[in-house]
Amino acid sequence: MKRPLFSQPNSFAHHCSSLLQRCMKPKALKPSKQIHALVLTKHIDMNVLSLSSKLIGAYACCGDFNSAKLLFQETPNPNVFALNWMILTLTSSGSHEEAIRYFSLCQESKNYNSSPNKYTFSAILKSCMGLLDAGLGKQVHGLICKMGFQNDLSVCNDLIYMYCKCSIICPARQVFDEMSERDVASWTTIMCGYANAGKIDESVILFERMRMDGVKPNEFTWNAIISGHAKNGDCDDAYMFFSRMSKEGLVPDLATWNAMISGFVQSQRAIEALELFRSMLIAGIKPNQVTLTALLPASGIIASIGTTGKEIHGFIYRIKLDINVFVASALIDMYSKCGNIKAAQIIFNTTPDKNLASWNAMIGCYGKHGMVESAIGLFEKLHDEKIQPNEVTLTSVLSACSHGGLVEKGLEIFRSMDKYGVEANIEHYSCLIDLLCRYGRMDEAYGIVNRVGLEITNSIVGAFLNGCKIHGRRDLAEKIDDRMKVEMNKPGAFVTLSNIYASEGEWGGVEDVRKVMKDKKVLKKPGFSSI
DNA sequence: GTAGGGTTAG
């Protein structure tokens, strides 16, 4: 006798439910849709076995947000799994505001009565982090305590991570200190938080303490301590930990090598960076885009030694490394620095998914080489492409204007900065002063230097004093003399000031400046050549 | 029935 396929009344629903489950891991959208269709055509009650919530989960995790949303709206009582899937997928696709809207909707709505759980909080904390909204994070933290998740290991780790990413280490540390149980990730996360806040010493203390607590550091932990030192400019200490890592039986991985290489390059120690790169290849680690992006700026530092950026470019080509937008921008910058504008242009034009950094590199390239019209042309094209410039873009454009003699254009761009949502910083002000000074508009420049709240740095004063020198305005130089003596602690600008006095035989002034430099201990060391 | 966390780039 032929057995019926589904003997129980609900066995069809059971079957659909388990099939849906199996659709989720491989993110199989089509079978999920087929099951949905079957459920509808067979008039199965969607409330049975929370079928509608399972379908929401399946749609969300397969990336079909629209279907997930529609079904979520139609479902009278979506369960916590459905909610979590919605929030998690919105969060991981970067739609943080919407994720938060779903979360609060479900907090307030009568239509929704199951409580958030630790998965909900983990996901929503990621959105707070994505928005860098520590205030919101704090509110969620409050809710976590209210609902009794303050002792959950993974929720606490997520809280620490959120606070660290929002750059507020105090509450992160408080959560960490109050945890009854900590794992390697808890220690690593807080250590990174300190390292990124420039408090590497505290990271080291925690690194030693975790071992006393019987928690063994893993690759992530070692990488955190190594990159922490490297980012803070302590390459020697980074290297010390790098060597120690191997002695303690852990093999440096790609991220370890990348952190070391990038640290040495950022400290201008290009030769050592290159040596590390070679050791990495010998160790059999295959470099990736991060490695090459980090390494490329080294070519500018060591061009005179013989390894050129072009060789590194050749290497990229030989290993068939996929040139992503990071590598492309680094290549543009490298060719720009060694004066090969043509090569920079070719890379810029053949990069399909350009981002702001690529545009900035190319605009900077034109500016550096006096091609002010091209720089401005590209800057205006940015607007057509609906890309918002940032402070780097504006520094490059303003500096291009000043080098290329376009005073009015430069002033116009400076005035329009707030239109782009960029607040003028010291760099922009020094470009502005440079712009005015080069064309003799000294009194206006003097007005800017004296703007309330503007810190006088070497670049600000340097630009201004150069103008004074060229246009014979010792009177104006004298006017900021007193302020410099009080506020400045670096030699550069004092030398220019003293030169202005010297050029006019004003030896008293020269003597005076030298005395201040001596008192402030900023006497310039004798020049030396790197060769 | 929901994840795996944390490290490296312009």
Side-chain angles (χ1 to χ4, degrees), chain A residues 17-18 20-25 49-51 53-54 56-58 60-61 79-89 91-92 116-123 125-126 129 153-162 164-165 182-193 195-196 203 217-231 238 241 245 250 252-263 265-266 280 285 287-297 324-334 336 351 354-362 364 390 392:
Chain A
S17 163
S18 78
L20 275 174
Q21 215 74 58
R22 284 166 60 192
C23 288
M24 296 186 57
K25 202 85 186 172
L49 299 167
S50 313
L51 272 179
S53 286
K54 282 183 181 127
I56 293 165
C61 98
N79 67 17
V80 71
F81 292 94
L83 172 66
N84 291 349
W85 274 116
M86 288 304 294
I87 295 178
L88 193 67
T89 39
T91 296
S92 41
N117 61 15
K118 64 174 189 165
Y119 293 94
T120 328
F121 285 119
S122 272
L125 284 172
K126 284 192 182 79
M129 200 158 72
L153 177 65
S154 53
V155 172
C156 285
N157 285 354
D158 290 328
L159 272 169
I160 297 172
Y161 192 38
M162 181 276 295
C164 288
K165 283 278 168 192
R182 303 178 192 98
D183 64 3
V184 197
S186 332
W187 288 93
T188 309
T189 312
I190 191 83
M191 278 168 47
C192 279
N196 290 332
S203 294
N218 63 10
E219 285 87 349
F220 285 97
T221 328
W222 283 98
N223 290 347
I225 204 90
I226 291 167
S227 72
H229 281 99
K231 264 189 274 194
F241 279 100
M245 176 179 184
L250 280 169
D253 61 14
L254 185 57
T256 326
W257 288 98
N258 288 350
M260 283 305 306
I261 291 170
S262 131
V265 174
Q266 273 161 36
M280 171 183 179
I285 306 281
N288 67 355
Q289 290 135 332
V290 180
T291 327
L292 274 308
T293 308
L295 187 68
L296 267 167
N324 69 5
V325 67
F326 284 89
V327 181
S329 306
L331 281 169
I332 294 169
D333 208 44
M334 180 274 291
S336 157
T351 304
K354 287 187 261 293
N355 65 10
L356 186 56
S358 341
W359 288 81
N360 285 349
M362 200 60 228
N390 66 2
V392 180

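A note on names: the letters A, B, ... follow the listed sequences, proteins ahead of strands, and every chain is numbered from 1.
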Quiz item: When we call it a touch if two heavy atoms are under 4.0 Å apart, what does A:Lys354 touch: a base, just sugar-phosphate, or nothing?
Solution: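 Here A:Lys354 touches no strand at all.
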Practice problem: Would you indicate what A:Asn324 reaches in the nucleic acid, counting non-hydrogen atoms under 4.0 angstrom: base, sugar-phosphate, or nothing? | Solution: base
Quiz item: Base, sugar-phosphate alone, or nothing: which one does A:Asp158 contact when heavy atoms must sit under 4.0 Å apart?
Solution: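 The residue A:Asp158 makes base contact.
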Practice problem: Mind checking A:Ser154 for me? I need base, sugar-phosphate or nothing, with any heavy atom below 4.0 Å counting as a touch. | Solution: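 Base contact - A:Ser154 has a heavy atom under 4.0 Å of at least one base atom.
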Exercise. Please name all residues satisfying ring-ring contact (aromatic ring centres under 6.0 Å, His included) with A:Phe241, sequence neighbours left out, ordered by chain then number.
Key: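 Partners of A:Phe241 under the ring-ring contact (aromatic ring centres under 6.0 Å, His included) test: A:Phe207, A:His229.
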Exercise. Give A:Val392 one of three labels, base, sugar-phosphate or nothing, depending on what nucleic acid heavy atoms sit under 4.0 Å from its own.
Key: nothing
Practice problem: Under the side-chain hydrogen bond (donor to acceptor under 3.5 Å, both in side chains) rule, collect the residues that match up with A:Asp158, sequence neighbours excluded. | Solution: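 Testing A:Asp158 for side-chain hydrogen bond (donor to acceptor under 3.5 Å, both in side chains), a comparison that skips the adjacent residues, returns A:Ser122.
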Self-check item: Contacts of A:Trp85 that satisfy ring-ring contact (aromatic ring centres under 6.0 Å, His included) - sequence neighbours left out
Solution: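 A:Trp85: no ring-ring contact (aromatic ring centres under 6.0 Å, His included) contacts found.
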Quiz item: Mind checking which nucleotides bracket the chain A contacts on DNA chain B, 5' to 3', with an atom under 4.0 Å from a heavy atom?
Solution: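 The protein-touched segment is B:dG1 to B:dG10.
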Quiz prompt | Pairing residues for A:Tyr161 by the ring-ring contact (aromatic ring centres under 6.0 Å, His included) criterion, not counting sequence neighbours | solution =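 Here no residue qualifies.
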Exercise. With sequence neighbours left out, write down each residue that passes side-chain contact (heavy atoms from CB on, under 4.5 Å) with A:Leu49, or none if nothing qualifies.
Key: A:Ala13, A:His14, A:Ser17, A:Lys54
Quiz item: Is the backbone of A:Ile332 close enough, under 3.5 Å, to the side chain of A:Ser336 for a donor and an acceptor to pair up by distance?
Solution: no
Quiz item: Just checking A:Ser122: base, sugar-phosphate only, or nothing, at a heavy-atom cut-off of under 4.0 Å?
Solution: base
Practice problem: For A:Asn218, report the nucleic acid contact type (base, sugar-phosphate, nothing); a contact means any heavy atom under 4.0 Å. | Solution: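 Result for A:Asn218 = base.
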